[in-house]
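Report on the following structure.
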Amino acid sequence: MRILTGIQPSGTPHLGNYFGAMRQVCELQSKGESFLFIADYHALTTNPEPEQLRERILNLALDFLACGVDVDKTVFFRQSAVPEVCELMWILNTVTPVGLLERAHSYKDKTAKGFMPNNGLFSYPVLMAADILLYHADLVPVGKDQKQHLEITRDLAIKFNNEYGDIFTVPEGFIPENVAIVPGLDGQKMSKSYHNTIPIFSTEKALRKTVMNIVTDCKALEEPKDPDNCNVVALYKLFASPEEVAEMAARYRAGNYGYGHAKQALFEKIWAFFEPMRARRAELAANLDFVHELLRKNGERARAEAARTLSRVRRAVGL
Ligand code: ADP
Ligand code: TRP
């Protein structure tokens, strides 16, 4: 079975990204052959500053390698190392009804907010389909927000196969339903767009400061508190054993236990949990030649595979 997913280089990863996506991707590596890429062509749809984009791509590579991408099992590469994906996108464009793209939620959401869309944003799902079909992926782990894009991919694969013969594997989405939504500092879903994140990699001082900013009610130290309605406890559950959680809950109910104490306990858990990954990240950051070389080699491997698919596609359509 081949598993494939792409991630946009969109900024510093936070606890929501880790528990909602990165961890699953790393766990799936044991289930089959994995392809994982940094979706840098997709990132261009928001017109980032070139220097900032370059930095984000490298940081994302470091983050994923530190968090457990196994380079012996996974082809980890940059989308743009395989320009063939753009040719496949063009060919897929010719079997894509405009209406299908006009109905895409993520496009509609952005235009509804008054955003002037470029054509890249409009045809974003076709590039995503090309990403998936080029490598004959069977299983595509994505977040809920990408579900519709995956359905578009399946539609295009089926349509193309009907018209030109059985070329593409029709992929299945893998959208883990039991992944809890990680709450942010203010209790809303943790998201870069809400500025309520706890980054997984930061300095000790910055992490402590962020954790201390978690919003709670303003009960005094001696008052009993409700562990079932507290962001600190909700986040603590991601890191602590059931016994430790029960112990914290009991302290909440008993009183004389302040939110500051709970936050300190949470901070210590987060800091210790990411310690091995932080060390690995620092090691990689001190050895960037290794990282660049790894991405380059993997890009070549992906490209060889892409070239095989593309030559079948070209023949099928009459080019
Ligand atoms: P953000 O909302 O910060 O921009 P993205 O949309 O880039 O995050 O999400 C990247 C991945 O992380 C997606 O698979 C998404 O489902 C997951 N994810 C993001 N935030 C959370 C969260 N608070 N809880 C669980 N998963 C999340
Ligand atoms: N659109 C995806 C996201 O924003 C990233 C992505 C690009 C992707 N190409 C893909 C995900 C192919 C899965 C498969 O999260």
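Note that ligands are numbered from 1 as they come in the structure, with each ligand's atoms numbered from 1 the same way.
Less than 4.0 angstrom separates some heavy atom of I181 from each of these atoms of ligand 1: 24 (N). Numbered from 1 in the order shown, with element, the atoms of ligand 1 that lie under 4.0 Å from a heavy atom of M190 read 20 (N), 21 (C), 22 (C), 23 (N).
When the heavy atoms of H195, K192, M22 are ranked by distance to atom 7 (O) of ligand 1, first place goes to K192. For atom 9 (O) of ligand 1, the candidate residues are V182, L15, N17; the nearest heavy-atom contact is made by N17. Comparing G16, G143, P13, P9 by heavy-atom distance to atom 17 (C) of ligand 1, the nearest is G16.
Legend: residues meeting ring-ring contact (aromatic ring centres under 6.0 Å, His included) with F201, ordered by chain and number and at least two apart, are absent.
When heavy-atom distances to ligand 1 are checked against a 4.0 Å cut-off, Q146 has no atom that comes that close, whether in backbone or side chain. With a 4.0 Å cut-off on non-hydrogen atoms, A21 touches ligand 1 through its side chain and not its backbone.
Taking only nitrogen or oxygen atoms, main chain and side chain alike, D145 does not reach within less than 3.5 Å of ligand 1.
Heavy atoms of K144 stay at 4.0 angstrom or farther from ligand 1.
Per-atom contact check: atom 19 (C) of ligand 1 touches the protein, criterion being a heavy-atom distance below 4.0 Å.
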Would you list the atom pairs, donor with acceptor, under 3.5 Å between side chains in residues 34-42 and any protein atom, with sequence neighbours excluded?
| from | atom 1 | to | atom 2 | distance (Å) |
| --- | --- | --- | --- | --- |
| D40 | OD1 | S80 | N | 2.9 |
| D40 | OD1 | S80 | OG | 3.4 |
| D40 | OD2 | R78 | NE | 3.2 |
| D40 | OD2 | R78 | NH2 | 3.4 |
| D40 | OD2 | S80 | OG | 2.6 |
| H42 | ND1 | Q79 | NE2 | 3.3 |
| H42 | NE2 | Y124 | O | 3.1 |

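In terms of protein heavy atoms, atom 2 (O) of ligand 1 is closest to S191 OG, 2.7 Å.
Inspection of the N17 and H14 side chains reveals an N or O donor paired with an N or O acceptor under 3.5 Å. A donor-acceptor pair shorter than 3.5 Å can be found between the side chains of H149 and Q146. If you check the side chains of R281 and N59, you find a donor sitting under 3.5 Å from an acceptor. If you check the side chains of Y252 and D228, you find no donor sitting under 3.5 Å from an acceptor.
Checking each of D186, N213, N231 against N196 for a side-chain hydrogen bond (donor to acceptor under 3.5 Å, both in side chains) leaves exactly one that passes, namely D186.
The contact shell of ligand 2, taken as protein residues with any non-hydrogen atom closer than 4.0 angstrom, comprises L4, T5, G6, Q8, F37, A39, H42, Y124, M128, D131, I132, V140, V142, Q146.
Aromatic ring centres of F19 and F239: separated by under 6.0 Å.
If you take CE on M248 and CG on L266, they are separated by 7.0 Å, rounding to the nearest 0.5 Å. One finds the CD1 atom of I270 at 6.5 Å from the CG atom of L235 (value rounded to the nearest 0.5 Å).
With side-chain heavy atoms closer than 4.5 Å counting as contact, directly or through intermediates, the hydrophobic cluster containing M1 also holds I3, L28, L139, F174.
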